[in-house]
Amino acid sequence: MWSMGWPIVGETLEFLFGKPEIFVSKRMRRYSPEIFKTKILGEKTVVICGPNGHKFLFSNEQKYFTAFRPHSMQKMFRSYKAPAAAAAPPAVAQPAIDKEAKVLRSPGFLKPEALVRYLGIMDSCTQEQMKAYWEGKDEVKVYPLAKTLTLGLACRFFLGIDELDRIARSVSNFDDVTVGMHSLILNFPGTTFYKATKAADELRRELKIVIQEKKAAMASGAPMHDILSHMIVASDPTGKHMPEAEIADKIMGLLTAGYSTVATAMTFFMKYVGERPDIYAKVLAEHKEIADSKKPGQFLEWDDINKMKYSWNVLYEVMRFTPPLQGTFREALTDFTYAGYTILCCILDC
Ligand code: HEM
């Protein structure tokens, strides 16, 4: 007999406050290793499990599934367009999604190749941080330092700003938004969701100031290579530019998506490698060989990154052990059958 948990909250509390892997494995044992249903974050949810489930999901994107953002996330990122709203009628909705995807992806900002021209700056910023906060210290707190580094790099590449004080002041707001993205929508002082919406409002205010500064700098003819200036000039087929509030929202989404995931991966890389001196020695040897081949002041290049094969494999294993992001959601675009169960699409009628 399936259990959907308590009325209204369903099994959200166990999902949010327990360990997600235990939440899933317990139900896989109780119901089926392939699929089970539950109610989390206000939605009746089907969890498709295991390698076959992953393969099924990722080979049927836009056929059976499309991305779904929990309601807490939708409320925080106000410009988000739910696929349900976008789906009827499809002919009208599709351009909105295409336009958004195009603005974010067409210049290749988010493609791995784009990293090539950022590598030198990433390397020099990381070295600066190492010198300032790591070298010579008996003890350091890795996660906060990793977050300042990744948020700093993200602000540099997405917004074209490198004022570290300004960025450091925003870290706690970004942290609150990140936690609130998967939370119960209880909007009164003291709740996670309330704190996250306040933090999102503050970030939007700060980002609107950044947008206005950027527009002024662009008007003075300064050359710009960041994603923010691209969003400011981009227009839809009717020549309309994206409103400032929407730009602020999208930039907030990109920064939130980009900084804590990388910082989490870096932090757990250090933890696990620190616990295994044999692995640490191999990673160190690989990096030392690259460092020794460099002239003073010469930064990392794409070829060097490709040579770090052992380190990449260690990082993949770290992310498998502790995934930096737990739980992304999909909604069904059509009825379909998986592992003998029929999942009904409710995009248009619930
Ligand atoms: C270790 C680092 C990272 C991990 C583990 C990670 C993981 C993920 C995962 C699991 C998703 C959801 C994908 C899905 O539902 O199919 C996602 C989406 C996304 N990530 Fe990352 N991510 C990382 C770094 C970044 C960075 C640096 C950025 C900066 C731009 C970024 C931007 C995004 C965006 C914009 C989305 C939403 C994509 C969409 O809706 O089409 N991520 N990420």
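Everything quoted here is computed from the prediction, not taken from an experiment. Whatever order the structure lists them in is the order used to number ligands and atoms, beginning at 1.
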Participant: Only one of Arg69, Lys250, Met181, Glu246 forms a side chain to side chain contact (heavy atoms under 4.5 Å, CB included) with Phe77, so which one is it?
Facilitator: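 Checked Arg69, Lys250, Met181, Glu246 against Phe77; only one passes side chain to side chain contact (heavy atoms under 4.5 Å, CB included): Met181.
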Participant: Sequence neighbours left out, what passes salt bridge (charged side-chain N to carboxylate O under 4.0 Å, His left out) with Arg27? Give chain and number order.
Facilitator: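 So Arg27 forms a salt bridge (charged side-chain N to carboxylate O under 4.0 Å, His left out) with Glu11, Glu14.
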Participant: Heavy atoms only, cut-off 4.0 Å: how does Ala257 contact ligand 1, side chain, backbone, both, or neither?
Facilitator: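 For Ala257, backbone and side-chain atoms both sit under 4.0 Å from ligand 1.
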Participant: Quick check on Phe158 - does any of its heavy atoms sit under 4.0 Å from an atom of ligand 1?
Facilitator: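 Phe158: in contact with ligand 1 (<4.0 Å).
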Participant: Do the side-chain N and O atoms of Ser72 and His182 include a donor-acceptor pair separated by under 3.5 angstrom?
Facilitator: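 On atom types as modelled, these side chains do not qualify, holding no pair under 3.5 Å.
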Participant: For the 3.5 Å polar cut-off, considering only N or O atoms, please tell me whether Glu61 and ligand 1 meet it.
Facilitator: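 No; every N/O pair is 3.5 Å or more apart.
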Participant: Please name all residues satisfying side chain to side chain donor-acceptor pair (under 3.5 Å) with Asp304, sequence neighbours left out, ordered by chain then number.
Facilitator: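 For Asp304 the side chain to side chain donor-acceptor pair (under 3.5 Å) partners, ignoring immediate neighbours, are Lys294.
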Participant: Check for me whether Ala67 has a heavy atom closer than 4.0 Å to any atom of ligand 1.
Facilitator: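 Flag not set, Ala67 not near ligand 1.
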Participant: May I ask whether Met266 places a heavy atom under 4.0 Å from ligand 1?
Facilitator: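 No, Met266 has no heavy atom closer than 4.0 Å to ligand 1.
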Participant: Heavy atoms only: which of Leu315, Leu254, Leu255, Val318 is nearest to atom 35 (C) of ligand 1?
Facilitator: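 The nearest heavy atom belongs to Leu254.
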Participant: Can you say whether the rings of Phe15 and Phe23 are parallel (under 30°), tilted (30 to 60°) or perpendicular (over 60°)?
Facilitator: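 Perpendicular: the ring planes of Phe15 and Phe23 meet at over 60°.
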Participant: Measure the shortest side-chain to side-chain distance between His225 and His230 over non-hydrogen atoms and say whether it is less than 4.5 angstrom.
Facilitator: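 Heavy-atom side-chain distance check fails, nothing below 4.5 Å.
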Participant: What atoms in ligand 1 come closer than 4.0 Å to a heavy atom of Arg330?
Facilitator: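 Those of ligand 1 that fall under 4.0 Å from Arg330 are 14 (C), 15 (O), 16 (O).
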Participant: Under 4.0 Å from a heavy atom of Met319: give me the atoms of ligand 1 that qualify, with their elements.
Facilitator: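 The atoms of ligand 1 under 4.0 Å from a heavy atom of Met319 are 1 (C).
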